[in-house]
Structures are given as C-alpha cells and as structure tokens.
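Quick notes on the structure that follows.
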Amino acid sequence: MNHSPTAARLATRIERLKPSLVREILAVANKPGIISFAGGLPAPDLMPDMRDCIDPDTALDQYGASEGETAFRSAVAEWITHNGLPVAPSQVLALSGSQQGLDLAAKLLIDDGTPVVTESPSYLAALQVFELFGASVLPLALGRDGPDPATLDALLRQHRPACVYLIPSFQNPSGYCYSPEVRKVIAEVLDRHDAVLIEDDPYRSVSLDVTHPMQPICSYLKRVPWIYLGSFSKILRPGWRVGYLAASPQLMPYLVRLKQASDLHTQRPAQAAVANWLRHAQRDADLARLRAGYRLRRDAMQTALERHFGDLADWDVPQGGLFFWLRLRQHQATRSTLDATLARGVVFMPGESFYPGPMKPTNTMRLNYSLSTPAEMERGLAILADCIAAVSAA
Ligand SMILES: Cc1ncc(COP(=O)(O)O)c(C=O)c1O
C-alpha cells in the first residue's frame, strides 16, 4: 500500500499568503539576551494593574453574543465618543484584537483585483491581509502631516478603489500624525467619491506631546461609509486580544455576520475586564503613568540615536506611538545588515516590507523604543550603527 501523503489542493489565495517578516524576526526577538527594536510590544512594567477589573462572574464562561458584551459595547462607545467620534453602542463590535477588524473589513470589501488605497509606507500586517484577499494596492505617499489630499483625490478619481486604509495618529511605521487641517480635507475628498474609509487608530492613547486635536477622520465624514478600528493592546495587554470596531450603521449587519463566521465572539472575561477598566476611577491616572513612562523611553532612545546615528541617518522625533522611523543618508539596504546585527544580538525591522507596490525604499528602518532599557538602547544602537557603517565601508 502506498502511504505517501497526497498534496492538499489549497485555495488559490494561499499563493498570495506571504510569510510575515515581522513574525519571523519576532520569533528571534523573543530569545533571551536579544536586544529587540523589532516589534510593537508595549512595556510590561507600564501595563495598568487590572486585578481590580477582573470580573469573577462565572456566567462569562458561557458562549456570548457575536456583537460583544453589552457593558463592553457601551463603555467602548463612550470611549470612542470621548475621543472625538460620536457613536452609539449598536455601532460597536468587540474584536479579538483590532487585527481581526482588518480581516473582517477585507472580507467585506475586497475581491480578487479590487483596488485599495493605503499609505506608503503602511502597516505590514494590513498589507498582508489586503493582498491575501486579492487587493490591488495603490500606494499613497505619506508626508509628516499626512498624505497630499490632491494625490488621494486623483487616485480615487482614476481607480475608484473600494476602500482607503489610513492610520492618521502615530502611523505605523512612520510615527507621523496627520494635522487637523489634513484630516478635514481628506474627509472632504473622501466624501466626493464612494470608497469606504478604514481608519486604524491603535496608538491614539500613546500620545506623548501632541498639542493639536487628533479628531478621527471618520468624524468629519458626511456621506461615505466608514470603519473605525481601535485596540487595547498598546495600553492594556496585547495577550488578551481585545479590540473593537465602530462602523456606519449600514455596514454593521455584515460585519457582525463575518465576525460570527470567524470566531463566534471575542472572549468574554477579557471584554468584561476592559469594560470595567474603562469605567474605573484609575483609568486616566493609568494612562498618564503610561505616557510619562513612554516619554522617558522615547527621550532616552532619541539621546542614544543622536549619539550613534547622528551622522548616518535622518529621522523625526515621534510625538506618540511606539516607533522611530529612520532613513539612512547613504542609500544602502538596511535589510542587508540584519544577519550581522542578529549575530551580535540585536534585531530591528527593515523598512522595505512596509511599502506596498513595486517602489520600496530600502534605506529605511523601524525601531521600537518601548521594550528596551536606556542601557540596552545604548548598547543595541551602537551595534546597529557599527554594522551599518561596516556595510557602507565595504
Ligand atoms: C496599525 C496597527 N493596526 C493594528 C494592529 C493590531 O493590533 P491588535 O493587537 O489590536 O490586533 C497593530 C499592531 O501593532 C498596528 O500597528
């Protein structure tokens, strides 16, 4: 008898399923002794104490509603409204991390060949999902204050994309934060066309020294439908996998059914704990402590970068979020130094994977500052700079 395994007939979309460089690098980054600037992990010592918020109700051990817990949906609706986007609890869907929202939005909007606009550079795992579902991604160049609205207008006019995916507050990977003016004009442009806006906002609460308002773009829209994604990963605990979306009422029934088909519902005890935290007297003090802690780390990273990268690269000091985004002055590929830095115990994210489309500037790199101590920053950046200088001298 022949017992050799038969090749499985996989769906054609599997050919588009690219391995994620982040996941591969993160697998190494978690090894003991490695200094990691690679991931977007929050600092464990700055995570709020949640012991008071855990709900012992054993009813939460039972299956629950696909939309999410009633208490969670109403606390989150208040939170989103407080952040500048007025929504009702019925517009909120609990997610197993905001990454799930990208998956649901892609299932809702993207067929094989559907044009989708994303910033360039953009969040790697969003590009991965959109491409898996067959999107033809149209890159929109990103500046410090956001993208050029006229360029977006031209893309919308020419390609009629199904959706536009934007991360306006402390964008991943660039750290850029759209100005209030750009937010308003982008909304006006979107309202002239018929693409759905997917606004991804996981870093809003890691705001360190922005003085202008960061009103969600969705709040300015008058006509086009929108999906707004949020997360508790960066401020509470990523391992709990709790995020949310809010959406235009007309999209909600489809999103709820897609959620149901995907995982029935988000885990209930974590939703209950997050809802309790959102209403807890300590909430704002927890956030203030978190921001103060990240400010210190961001400043320590800036000092170490000035010392080791002052002659090698240009960057902006991020006003929030968890990353520095560097452009090497010499046009060398940062990826080509990864093996050498790894051999010396340091990992980072080469920037090229964040670019959709064929034009991928290779001289960029994303450096996370939330996980390392100042001493590790000093040591890790010295090694990184040394490896980069060695490649440019070769
Ligand atoms: C821009 C962006 N969107 C979504 C996510 C996913 O976050 P979550 O942990 O809520 O799934 C991340 C995580 O790093 C992110 O940077």
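Both ligands and their constituent atoms are indexed starting at 1 by order of listing.
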Salt bridge present between D112 and R13 (N-O < 4.0 angstrom) | no
Here the atoms of ligand 1 under 4.0 Å from any heavy atom belonging to K234 are 13 (C), 14 (O)
Could D45 and R297 be called an ion pair, given the rule that one side-chain N must be under 4.0 Å from one carboxylate O?
-> yes
Considering only heavy atoms of G97, which atoms of ligand 1 have at least one such atom less than 4.0 Å away?
-> 10 (O), 11 (O)
Tell me, please: is G243 in heavy-atom contact with ligand 1, that is, under 4.0 Å?
-> no
For S231, is at least one N or O under 3.5 Å away from an N or O on ligand 1?
-> yes
Among all protein heavy atoms, pick the one closest to atom 1 (C) of ligand 1 and tell me residue, atom and distance.
-> D200 OD2, 3.4 Å
Strictly under 4.0 Å, does any heavy atom of P202 approach an atom of ligand 1?
-> yes
Which is it for S98 and ligand 1 at heavy atoms under 4.0 Å: side chain, backbone, both or neither?
-> both
Q100 near ligand 1 by a heavy-atom separation under 4.0 Å | no
For atom 9 (O) of ligand 1, what's the nearest protein heavy atom and its distance?
-> S233 OG, 2.6 Å
Have a look at ligand 1 and work out which part of F232, if any, has a heavy atom under 4.0 Å from it: side chain, backbone, both or neither.
-> neither
Residues forming a ring-ring contact (aromatic ring centres under 6.0 Å, His included) with F130, sequence neighbours excluded | Y165
Parallel, tilted or perpendicular: which describes the rings of Y355 and W325, with under 30° parallel and over 60° perpendicular?
-> tilted
Judged by non-hydrogen atoms, does R241 sit under 4.0 Å from ligand 1?
-> yes
Report the residues that fulfil ring-ring contact (aromatic ring centres under 6.0 Å, His included) with Y244, sequence neighbours left out, ordered by chain and then residue number.
-> F232
Modelled atom types, side-chain donor and acceptor of S169 and R183, under 3.5 Å = yes
Return the residue, atom name and 0.1 Å-rounded distance of the protein heavy atom closest to atom 16 (O) of ligand 1.
-> Y203 OH, 2.6 Å
Side-chain donor/acceptor of R366 to backbone N/O of A38, under 3.5 Å | yes
Electrostatic pair D153-R157, nearest N-O below 4.0 angstrom | yes
